[in-house]
Q: 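There's a structure below that I have some questions on.
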Amino acid sequence: MTDERMGDALWAALRRVPPGGGVVFRHLATPRAERLALFRRVRRVAVARRLTLVVAGERLPWAARHGGPRPVTAPAHDRREAIAGVRRGARVLFVSPVFATRTHPGAKGLGVGRAWAVVRGLPVAAVALGGMDARRWRRLRGLGFVGWAGIDEWYR
């Protein structure tokens, strides 16, 4: 997950994402022309490193979609939203926030059990978001989540 807080640390973070991993390009507060230019740079890195790249928010050229109509990935803050994402065609659901996070100030984390209940039995891959780090990932890994993502963890 990218956003404006990353600054130039974005480039080092992109180098640390393992090949076959993915990036959700957010930068939602960046002015459109600057956002498009930044997206093109991120896309070049993603293609070179064989990373899946999707864009959140406004549709951008050459980008798969996070959320919205016909998404590749979709948010899943609760079971209803997870089912809606599957019905729209999402192949990956981002379950969030599993734990408290700076990205959603004041939002209480779902916790491990409730996070898994959001996507249990659905025919999609589930990725954990929200306060995630390598230690917390180990708690979720055995439940069937295929991965985790974050913002802060990638540029520490």
Q: When you compare the side chain of Leu140 with that of Met132, does any pair of heavy atoms fall below 4.5 Å?
A: yes
Q: Is the charged tip of Arg41 near the ring of Trp11: under 6.0 Å from the six-membered ring centre and within 45° of its axis?
A: yes
Q: Measure across Ala56 and Leu28 and return the closest heavy-atom pair with its distance rounded to 0.1 Å.
A: O-CD2, 3.5 Å
Q: Would you say the side-chain atoms of Glu81 pair up with the backbone N or O of Val118, donor to acceptor, closer than 3.5 Å?
A: no
Q: Of the non-hydrogen atoms in Val112 and Arg139, which two are nearest, and what is the gap between them?
A: CG2-NH2, 3.6 Å
Q: Could you work out, with ring-ring contact (aromatic ring centres under 6.0 Å, His included) as the rule, every residue matching Phe99, not counting sequence neighbours?
A: none
Q: For a quick test of reading the model, state the closest non-hydrogen atom pair linking Arg26 to Met1 and the distance between them.
A: CD-SD, 3.7 Å
Q: Please tell me if the side chains of Val95 and Leu129 come closer than 4.5 Å, counting only heavy atoms from C-beta onward.
A: no
Q: With ring centroids as reference points, do Phe145 and Trp137 lie under 6.0 angstrom apart?
A: no
Q: Does His77 reach the side chain of Pro97, with side-chain heavy atoms less than 4.5 Å apart?
A: yes
Q: Would you kindly confirm whether Val55 and Val47 end up in one hydrophobic cluster when ILVMFWY residues are joined by side chain heavy atoms under 4.5 Å apart?
A: no
Q: How about Arg79: does its CZ atom have over 12 heavy atoms from other parts shown lying under 6.0 Å from it?
A: yes
Q: Test: ring-ring contact (aromatic ring centres under 6.0 Å, His included). Region: residues 15-38. Which pairs qualify, not counting sequence neighbours?
A: Phe25-His27, Phe25-Phe39
Q: As an exercise, state the distance from CG of Leu38 to OG1 of Thr2, rounded to the nearest 0.5 Å.
A: 7.0 Å
Q: Do you know the tightest heavy-atom contact between Asp133 and Arg136?
A: OD1-N, 2.8 Å
Q: To the nearest 0.5 Å, what is the distance between CZ (Phe94) and OG1 (Thr73)?
A: 4.5 Å
Q: How long is the span from the CZ atom in Arg5 to the CG atom in Leu10, to the nearest 0.5 Å?
A: 12.5 Å
Q: Which atoms form the tightest heavy-atom contact between Ala74 and Gly85, and what is the distance?
A: CB-CA, 4.0 Å
Q: Of all residues at least two apart in sequence or in a different chain, which pass the side chain to side chain contact (heavy atoms under 4.5 Å, CB included) check with Val124?
A: Val86, Leu93, Leu122
Q: Do the side chain of Arg49 and the main chain of Val17 share a donor and acceptor less than 3.5 angstrom apart?
A: yes
Q: Considering non-hydrogen atoms only, spot the tightest contact between Val98 and Ala115 and give its length.
A: CG2-CB, 3.9 Å
